[in-house]
Each structure stands twice: as structure tokens, then as C-alpha cells.
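Notes follow the structure.
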Amino acid sequence: MAFTVRDFEDLIRLLDQRPEWREALRQRILTRELLELPVQIQALHAETERRFQRVEEQIAALAEAQRRHYEEFVAFRQEVERRLTEVQAEVEAARFEANRRFAELAEAQRRTEERVGRLEEAVAALAEAQRRHYEEFAAYRQETDRRFAELADTLRRLLLRVEDHARDLSKLKQLHTEFRLRQRPSAFFRRLLRRAAEVSDERRTALLEDAAAAGRIQEEEAEDAIQLDLLVEGFHRREDRKIYLAVEISWLGSTEDVERATRRAAIFARALEAEVWPVVAAEDLTPAARAVARQAGAWWVHEEWAFRPEEIPPSSS
């Protein structure tokens, strides 16, 4: 059955009255696939809608003028058909473009999956290499720690031996110094005293016991003073009064040596009821010992030379 102008007008009127039919017609013309195209296809769809709007306006104008210009209807229908053909051609072109783009996306997805697969393999290989390297490093570190521990233990034993040797050497040097002092007290202490002589251990012990019995010192003080390395007696170089020297002997004099000499000199001073000078006989004094000796008023005897407390230099330089 031929499609007449009246049928067309009825169609136009129905479409104006029933927008949902017009939407249904649009759904018929434009498939779901085209509706779901990207923004480019949506723009094309909007253009198609605008063209349909222009066509509807043209159809309405032609229907209104049909009574006056019937002859123009044939040309109008041909124009409409041509426009519809163009729209269909555009829709087909858009569909073809969409298919092409979908194919490109599928190919890109395939290449991406291949690259991801290769990347996963590379990551797995790297993880395996990292695991092997970590195991090798752990083994190397364990071996290094073991060897360092052995080296540290060897060094510790060596240091202990060196310390033992140093202590033995220091003790030998101290004994040598003490032997020289006992052999020649008058030579070593001649700057301090005239006719300097060592007080024997027996006499020193008796002096301390008598002082403790008389209450001049305590028993524990006597026990401390008896440990003094050397007690020397003599006379002042310029005055005719008796002086005692409480001497601590060391190779390298420390603050402890100075403090012991000072403390034990004070004990003997009360025990003997006499003047007792603290003395440190040493090859050298530490800087701290020098400072303490100057403050405590202790003498330093070195190589037959005696330094008054105020004359002790602050350092060996």
C-alpha cells in the first residue's frame, strides 16, 4: 500500500501528540549499540535529532501549504527521502567507525594483556633473583658476622694479653723505682730533706700501733696507713726541724696515687704528732694527677728531682 500525504500528516500529528512514540521511532532507527557509542556518536545523534526537527518543521510547513502548492509536495517528499538517505548513510558511517574503534580497542586490549603478561613474567623473574640475592646476602652476612666475631674474640684476647703485659711492665717499673728509692733515699729526697732515711716497716708498724692505742688515729686508719709504699724521715733543708715524707710509688702517677699519699700523710701526721709531707714518686704524672697534686699540696719526685706542689707543670710538654 502506497504511503500518502494524509498518512504522513497523520504520522506527524501522532508523533506530536505522543512523544513516547517519537522516542520509540527513534529507538527503531538508532540501535542500542549506536546509543551506547562514545561522545562522538552522541554528538552525531544530537545532530540527527536536529535534522529530524528541521524535517518535521519542513513537513509541517509543507502540509500547511499543500492546499496551495500540491505540486511542490513531490519535490518535498523527494527532499525528505534524500535527507533520510543521508541520515542513514551517516548512521552507517558512524556504525562503521564505531566498529572500527571497537576493533582498535580490542587490539589495544590484546596488546596490553600481552605486555602485562610479559611484565608479570619479568616481575616474577626479578622476585626470584631478589630472593636468591637475599639468600646469598644472608649467607654472606652470617659468614661475615662469624668471622668478625672470631676476629673480635681474637682481638679481645690480644688486648687482654697486652693489658697483662702492660700491667706486668708497669709493676716491674714500679718495683724498679721503689728499689732505687729504698737504696738511695738521701739522693732522691735531698731537695726535700737533709739526712733522709727510710723508716723500716717494723718501726712504721710500731708507730701506727702505738698511735692507735693512744687514740690519735683509728684502727682502720692504721690499716690504711700501713699500706704506704715508703716512709722517709729527715730534717728540713733550711730549718732544724724533723720532717717525714709519706711516699706513694708508681710508674705513672694517677689521681689515686696523689689522694693516697695525701690521706696517709695526714694519718701519719696525727700518729707521729709531726709534720708529714705527701709525696708521689713517679716517672710521670697524668694531667689530672698534676692538677690534684697542686691543689692538695703534694710533692712530685722524678729522677732525683723534686717538684714543689706549686712548681708541678700542668702537662709533660
TODO: Go through R82 and E79 one step at a time and tell me if the salt bridge (charged side-chain N to carboxylate O under 4.0 Å, His left out) criterion holds.
DONE: CA-CA 5 Å; R82 184 182 67 78; E79 178 66 16; 2.4 Å; yes
Task: Lys/Arg-Asp/Glu bridge criterion (N-O < 4.0 Å) met for R110, E107 - done: yes
Open item on the list: To the nearest 0.5 Å, what is the distance between CG on L193 and OH on Y244?
Closed with: 11.0 Å
TODO: Nearest 0.5 Å please: distance from the CD atom of E221 over to the CG atom of L208.
DONE: 10.0 Å
Task: Under-4.0 Å salt bridge between R100 and E97 - done: yes
- [ ] Output yes when a side-chain donor or acceptor of R194 lies under 3.5 Å from a complementary backbone atom of H236, and no otherwise.
- [x] yes
- [ ] Provide the closest heavy-atom pair for V276 versus A265 in the form atom of the first, atom of the second, distance.
- [x] CB-O, 3.5 Å
- [ ] Please determine if R131 and E128 form a salt bridge, counting it only when a charged side-chain N lies under 4.0 Å from a carboxylate O.
- [x] yes
TODO: Taking all heavy atoms of A296 and all of T262, pick out the closest pair and write down the distance.
DONE: CB-OG1, 3.7 Å
Task: Separation between CD of Q130 and CD of E135, rounded to the nearest 0.5 Å - done: 11.0 Å
Task: Shortest non-hydrogen separation from A282 to G253 and the atoms involved - done: CB-N, 3.7 Å
- [ ] Measure the acute angle between the ring planes of W299 and W277, then classify it against the limits of 30° and 60° as parallel, tilted or perpendicular.
- [x] parallel
Open item on the list: Using only atom types and a distance under 3.5 Å, with no angle test, would you say the side chain of D257 pairs donor to acceptor with the backbone of S254?
Closed with: yes
- [ ] Enter the distance from T255:OG1 to R260:CZ here, rounded to the nearest 0.5 Å.
- [x] 9.0 Å
- [ ] Indicate yes or no for a side-chain donor-acceptor contact from R195 to the backbone of F235 under 3.5 Å, with no hydrogens or angles considered.
- [x] no
Open item on the list: Looking at every heavy atom in both V258 and A289, which two are closest together, and how far apart are they?
Closed with: CG2-O, 3.8 Å
- [ ] Working to the nearest 0.5 Å, report the span between NE2 of H302 and CD of E283.
- [x] 5.0 Å
- [ ] Over all heavy atoms of both residues, which pair between D201 and R204 is shortest? Give the atoms and the distance, please.
- [x] OD1-NH2, 2.7 Å
Open item on the list: Quick check against the 3.5 Å criterion: does R264 have a side-chain atom that pairs as donor or acceptor with the backbone of D224?
Closed with: yes
TODO: Compare every heavy atom of P309 with every heavy atom of A298, then report the nearest pair and how far apart it is.
DONE: O-CG, 3.4 Å
Task: Pairing of E114 and R111 as salt bridge, 4.0 angstrom limit - done: no
Task: Beyond-backbone contact of D229 with V247, side-chain heavy atoms, under 4.5 angstrom - done: no
